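Quantities reported herein were computed from a predicted structural model and do not represent experimental measurements. Numbers here are sequence positions counted from 1.
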Amino acid sequence: MSDDEHWYPALSWSDGALRVDVESGVVWPSVTTILGEICSKPALRGWTGREAAKFALGNTTTLAGMVEGDQYDDAVRLVAEASTRIAEDAAETGVQVHRWLEAHLKGEHADFTDEQWDRVEPFIPTLVDFLERTRPTLVWAEATVYNLQVEYAGTSDIGLTFPFPLAVIDKSGRLLGTIPAGVLVVVDLKTGKSIWPDAYHQIIGYLECTHLDPKNGNPVMPMPRAGGGVVLHATPAGWRLHPVLPTPSMRRAWRHARAWFDTVRTHHTAAAGIGLQADGGSLLLEDLPGIPAAVAAALAWADPPVRTLAELEAFGPEAYGAQPGIGPKRLEKARGLLALEGRTWPVAAPAPARARRRKVAA
């Protein structure tokens, strides 16, 4: 798992009820983690390069000083991570804007630091306009949703109902369908400059969930039936609703996405091998898991050299076990590797037990 992934404790049955199972250690991937693995974003690569170039050109003096001061690697890292810093800053803004919207919908007060308020304040006119013109009704906020069947989870920003139907219109102006007024809609708030296509698949991932944890003291419950979803795109310049229909094809696509995530992460390991080299028909030690790299390097310089499993067999368990860092477990691992080529080491006979001497009273 990388640092930018999010995994949730699984659900399990206990005393006739579904509960979040923290103790077992079993975790399920989040909707965004699944999409991050399988969705290609070629435009993102271009943006990353442009931001790195802009940072480098705007900080030439600083970077030159770092290079002259023997900080070349730090300078490279500073340029390479320019887009990451921008993305993290934008994500933090999204978190704080969502906090304001959630509190406003609940009729509650949210406390912000000065730095957080500076992020939120430019969005408030937009969000107030959205609330006044759409008059939504809050069903949930920040609920964790789960799919018990195919095992994933996610955090749904908001569940709302609107007092008017939502028309779903494609880019050509064709009406794809309508989400009726008054039905539950799963809403995901986006505060960036634009919306990535995977935002719509994210909505479908939430709609496909089977259970919901309202995180308000009530138990996990079956997922309320939703008529569709909406990506709420809000910026200081204004807001737009992007409705999403849970069509059969979109639902199937999401199921395939979940399965493909497992294929990429785990299933291929049952069929794809590591890179190997052989010399004289025997595998090189340097490629084999279980042979420490430092040991493989040292043995390659031995006299005679020990570079392959065939040579390791002749080297013997006593000599291999005497190498630094080789304990009983690694010795047994080496026996298993030798068996890959039908090779063996003799098993040492157990040392005879020492007879205890008894003191005989005089």
Handout entry: Trp254 ring center near Tyr152 ring center (under 6.0 Å)
Key = yes
Problem - Aromatic ring proximity Trp100/His104, centre distance under 6.0 Å - result: yes
Problem - Check: Thr60 side chain, Ala56 main-chain N or O, donor-acceptor pair, under 3.5 Å - result: no
Problem - Side-chain donor or acceptor of Trp345 paired with backbone N/O of Glu313 under 3.5 Å - result: yes
Practice task
Determine, step by step, whether Arg258 and Glu151 satisfy the side-chain contact (heavy atoms from CB on, under 4.5 Å) criterion, reporting the C-alpha distance in whole Å, the side-chain angles of both residues, the deciding distance to 0.1 Å, and the verdict.
Solution key: CA-CA 9 Å; Arg258 176 65 184 93; Glu151 299 182 349; 4.2 Å; yes
Practice task
Just do the side-chain contact (heavy atoms from CB on, under 4.5 Å) check on Asp188 and Val230 with the steps written out, would you?
Solution key: CA-CA 6 Å; Asp188 197 61; Val230 164; over 6 Å; no
Exercise for the section: Measure from NZ or CZ of Arg85 to the centre of the six-membered ring of Phe55, then state whether that distance is under 6.0 Å and the direction lies within 45° of the axis. Expected result: yes
Practice task
Please determine if Arg99 forms a cation-pi arrangement with Phe112, meaning its NZ or CZ atom is less than 6.0 Å from the six-membered ring centre and no more than 45° off the ring axis.
Solution key: yes
Restricting to non-hydrogen atoms, name the atom on [X] and the atom on [Y] that form the minimum distance, rounded to 0.1 Å.
| X | Y | answer |
| --- | --- | --- |
| Asp157 | Leu189 | OD2-N, 2.9 Å |
| Pro246 | Gly228 | CD-CA, 3.7 Å |
| Ile203 | Gly229 | CG2-CA, 3.6 Å |
| Ser282 | Thr308 | OG-CB, 3.6 Å |

Report the distance from atom [atom1] of [X] to atom [atom2] of [Y], rounding to the nearest 0.5 Å.
| X | Y | atom1 | atom2 | answer |
| --- | --- | --- | --- | --- |
| Glu286 | Leu299 | CD | CG | 11.5 Å |
| Leu309 | Glu311 | CG | CD | 9.5 Å |
| Leu63 | Asp74 | CG | CG | 11.0 Å |
| Leu241 | Arg133 | CG | CZ | 9.5 Å |

Problem - Qualifying residues under salt bridge (Lys or Arg N to Asp or Glu O under 4.0 Å), relative to Asp279, sequence neighbours excluded - result: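 By the salt bridge (Lys or Arg N to Asp or Glu O under 4.0 Å) rule, Asp279 matches Arg307.
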Is the [atom1] atom of [X] crowded by more than 12 outside heavy atoms at less than 6.0 Å?
| X | atom1 | result |
| --- | --- | --- |
| Asp170 | CG | yes |
| Arg255 | CZ | yes |
| Phe164 | CZ | yes |
| Glu23 | CD | no |
| Trp117 | CH2 | yes |

Practice task
Hey, can you tell me if Tyr200 and His242 have their rings parallel, tilted or perpendicular (30° and 60° cut-offs)?
Solution key: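 Tilted, since the angle between the ring planes falls between 30° and 60°.
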Practice task
Scan side-chain atoms only and decide if Ser24 and Asp21 contain a donor-acceptor pair under the 3.5 Å cut-off.
Solution key: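 There is such a pair between these side chains.
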Handout entry: Flag for Trp7-Thr33: side-chain donor and acceptor within less than 3.5 Å
Key =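 No.
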Exercise for the section: Determine, stepwise, if the pair Ile291 / Leu288 fulfils side-chain contact (heavy atoms from CB on, under 4.5 Å). Expected result: CA-CA 6 Å; Ile291 304 291; Leu288 297 173; 4.2 Å; yes
Problem - Test salt bridge (Lys or Arg N to Asp or Glu O under 4.0 Å) applied to Asp73 and Arg77, step by step - result: CA-CA 6 Å; Asp73 291 341; Arg77 188 179 303 109; 5.8 Å; no
Handout entry: Which residues share a side-chain contact (heavy atoms from CB on, under 4.5 Å) with Thr144, sequence neighbours left out
Key = Tyr8, Tyr146, Thr155, Asp213, Lys215
Handout entry: Side-chain ion pair, Glu332 and Arg335, N-O less than 4.0 Å
Key = yes
Practice task
Evaluate the side-chain contact (heavy atoms from CB on, under 4.5 Å) criterion for residues Asn147 and Trp28: first the C-alpha distance (whole Å), next the side-chain angles of each, then the deciding distance (0.1 Å), finally the verdict.
Solution key: CA-CA 9 Å; Asn147 188 305; Trp28 294 347; over 6 Å; no
Can you list, pair by pair, the side-chain donor-acceptor contacts under 3.5 Å of residues 43-53, counting residues two or more places apart and other chains?
unit_1 : atom_1 : unit_2 : atom_2 : d
Trp47  : NE1    : Glu51  : OE2    : 3.3
Thr48  : OG1    : Leu44  : O      : 2.9
Glu51  : OE2    : Lys54  : NZ     : 3.0

